[in-house]
Amino acid sequence: MKNSFIYALLVFFILVCIQPVHAFTALSSDDPYIIIDNVVEDDLYVAGGNVIIEGTVIGDVVAAAGNVTVKGNITQDLIVAAGEVTIDGVVGDDVRALGGTISIKGNVGDDVIVASGDFDLAGSGSIGGDLSMGVGKSTLSGNVAGNVTGGMEALNIYGKIGKNVDISTGKLYVDPTADVGGKLKYRSSSESAIPENINASNVTSLYQEKEDEKGFSVFWWVIKYLSLVILGLVSLAIWPNRTINVAESIPKEPVKNLAIGLILVFTAFIAAFFLFISLIGIPLSIALLCITFFELYAARFLAGIWIGNAIFRKFGKHSSPWMDLIVGVFVILLLTSLPVIGTLLYVLFTFVSIGNIYHEQKQHYADLKKFNAL
């Protein structure tokens with residue numbers, strides 16, 4: 001399942017990056033709801049707390065929000081990252097979705113790639129092409145015209161699959177009312193009962209040992225992604241210039257900033273230790289450790305802004321900081337999930353960012369003193 005999910009994420013990212021964008025409409029707002037109920041004759045980039053598309057978008061839609069609901073019509077692709085994604089309307093081409101819960105109740109014209117905790121294709125929903133999944137639990141009650149591939153903890157099939165099913169899953173259920181037009185191949189730690197209406201000669205079952213519980217977790221990957229994006233958005237909202245300055249300075253003197261970041265974190269742990277054993281300093285020790293661990297976790301979104309901007313510039317696309325953040329954090333979490341090299345990249349991204357934070361803070365206080373603000 002781990003390899004299947006990483007494959008799905010790689011495909012998701014690559015396809016997002018190669019989208020040709022010549023002109024687009026960008027929307028973002030502090031309002032809790034962004035409702036698009038008109039006709040947008042352009043590609044649409046939108047970010048907010050809750051995004052609802054009730055009108056028609058003649059082009060692609062790229063959305064990032066807490067909740068995204070599509071009730072209207074998108075003529076081309078939908079690329080979305082959100083806590084909850086619901087498609088009640090029509091998407092004319094492909095869907096690439098990353099979220100906690102993803103539900104398709106309407107119609108998608110071509111392929112769907114999803115990475116989520118839960119994915120549901122309702123009985124009223126349909127997918128005109130292939131479905132690729134890296135999810136926790138999936139229920140397919142609607143129709144998929146093409147192939148179904150991917151990895152998940154559990155898969156329930158009630159609808160019609162036009163071609164082949166090739167999955168890795170902890171548990172598979174195929175309802176007697178289901179229809180698989182091609183071959184059914186599944187890898188699982190347990191045998192599944194396949195109904196008689198599925199031709200036995202088309203069924204291949206491969207037994208595999210159950211994965212270690214500490215292995216790759218789709219759910220926690222999504223949680224980490226959304227939390228880093230939210231932290232980044234908050235930082236951009238409160239300290240836009242300082243956040244961007246830190247991100248833009250990451251490629252400048254990375255070795256020096258890596259060393260500074262390592263020294264700062266090491267010093268913080270040593271100081272916390274001595275404060276702890278002094279007894280009277282225990283509250284300060286706990287506070288220092290909390291701040292240090294928070295920095296170790298959150299600093300990556302700064303590297304994400306820089307990487308996202310570099311990717312957009314590589315493909316000749318205009319972007320804003322929140323777009324850089326969304327794409328860049330995705331890439332960083334993807335790369336740091338890889339064995340061995342992922343740990344090295346985590347250290348690099350994290351400690352270089354911490355070193356840059358130190359330099360930015362130092363410069364900030366120097367500027368304040370210069371203007372007699374301190």
Side-chain angles (χ1 to χ4, degrees), residues 1-5 7-9 12 83-88 91 95-108 111-211 213 215-222:
M1 178 180 169
K2 176 178 179 178
N3 291 336
S4 299
F5 182 63
Y7 169 76
L9 290 179
F12 183 95
E84 183 174 345
V85 179
T86 303
I87 300 174
D88 285 324
V91 178
V95 170
R96 299 125 191 195
L98 177 68
T101 301
I102 299 172
S103 176
I104 297 178
K105 302 176 184 178
N107 300 317
V108 177
D111 299 336
V112 172
I113 300 174
V114 293
S116 65
D118 293 306
F119 173 72
D120 178 50
L121 176 63
S124 59
S126 66
I127 296 172
D130 297 332
L131 170 62
S132 299
M133 297 180 287
V135 301
K137 179 181 178 182
S138 177
T139 300
L140 306 179
S141 302
N143 297 331
V144 179
N147 301 304
V148 173
T149 58
M152 65 288 298
E153 293 295 333
L155 174 63
N156 301 313
I157 302 177
Y158 296 93
K160 179 179 179 180
I161 311 299
K163 296 182 180 179
N164 302 318
V165 176
D166 187 350
I167 58 164
S168 296
T169 182
K171 182 179 180 181
L172 171 65
Y173 172 74
V174 181
D175 193 76
T177 61
D179 182 12
V180 178
K183 295 183 179 181
L184 171 59
K185 181 179 180 180
Y186 69 96
R187 292 158 293 279
S188 179
S189 57
S190 61
E191 195 72 25
S192 299
I194 305 300
E196 296 180 357
N197 63 307
I198 306 296
N199 190 335
S201 63
N202 289 336
V203 178
T204 302
S205 173
L206 301 176
Y207 177 81
Q208 64 181 21
E209 295 291 336
K210 188 174 181 180
E211 292 185 3
E213 291 182 0
F216 197 81
S217 168
V218 177
F219 175 78
W220 287 113
W221 195 97
V222 173

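Start at 1 with the first residue, then count along the sequence. Predicted model only: the values in this text are computed from it and were never measured.
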Taken to the nearest 0.5 Å, the spacing of Ile104 CD1 from Leu121 CG works out to 6.0 Å

Taken to the nearest 0.5 Å, the spacing of Ile161 CD1 from Leu131 CG works out to 7.5 Å

Task: Intermediate values then yes/no, side chain to side chain contact (heavy atoms under 4.5 Å, CB included), Lys105 and Asp120 - done: CA-CA 8 Å; Lys105 302 176 184 178; Asp120 178 50; 5.6 Å; no

| field | Tyr186 and Ile194: CA distance, side-chain angles, deciding distance, side chain to side chain contact (heavy atoms under 4.5 Å, CB included) verdict | value | CA-CA 11 Å; Tyr186 69 96; Ile194 305 300; 4.3 Å; yes

For residues [X] and [Y], report the shortest heavy-atom separation together with the two atoms involved.
X: Val135; Y: Phe119; value: CG1-CB, 4.0 Å
X: Lys183; Y: Val180; value: O-CG1, 4.2 Å
X: Ser188; Y: Lys171; value: OG-N, 4.3 Å
X: Thr169; Y: Glu153; value: OG1-O, 3.5 Å
X: Gly123; Y: Ser141; value: N-CB, 3.6 Å

Tested for side chain to side chain contact (heavy atoms under 4.5 Å, CB included) against Val112, the lone hit among Val148, Ile127, Asp130 is Ile127

Is any side-chain heavy atom of Ser116 closer than 4.5 Å to a side-chain heavy atom of Ile102? yes

- request: Show the numbers, then the answer: is there a side chain to side chain contact (heavy atoms under 4.5 Å, CB included) between Met152 and Ile167?
  value: CA-CA 8 Å; Met152 65 288 298; Ile167 58 164; 4.2 Å; yes

- Task: Check step by step if side chain to side chain contact (heavy atoms under 4.5 Å, CB included) holds for Leu140 and Leu155.
- Result: CA-CA 8 Å; Leu140 306 179; Leu155 174 63; 4.0 Å; yes

#### Entry: Short side-chain to backbone donor-acceptor contact, Asn164 and Asn147, under 3.5 Å
no

Are Arg187 and Asp166 within salt-bridge range, i.e. N to O under 4.0 Å? yes

Item to complete: Indicate whether any N or O donor in one side chain lies under 3.5 Å from an N or O acceptor in the other, for Asn107 and Ser126.
Response: yes

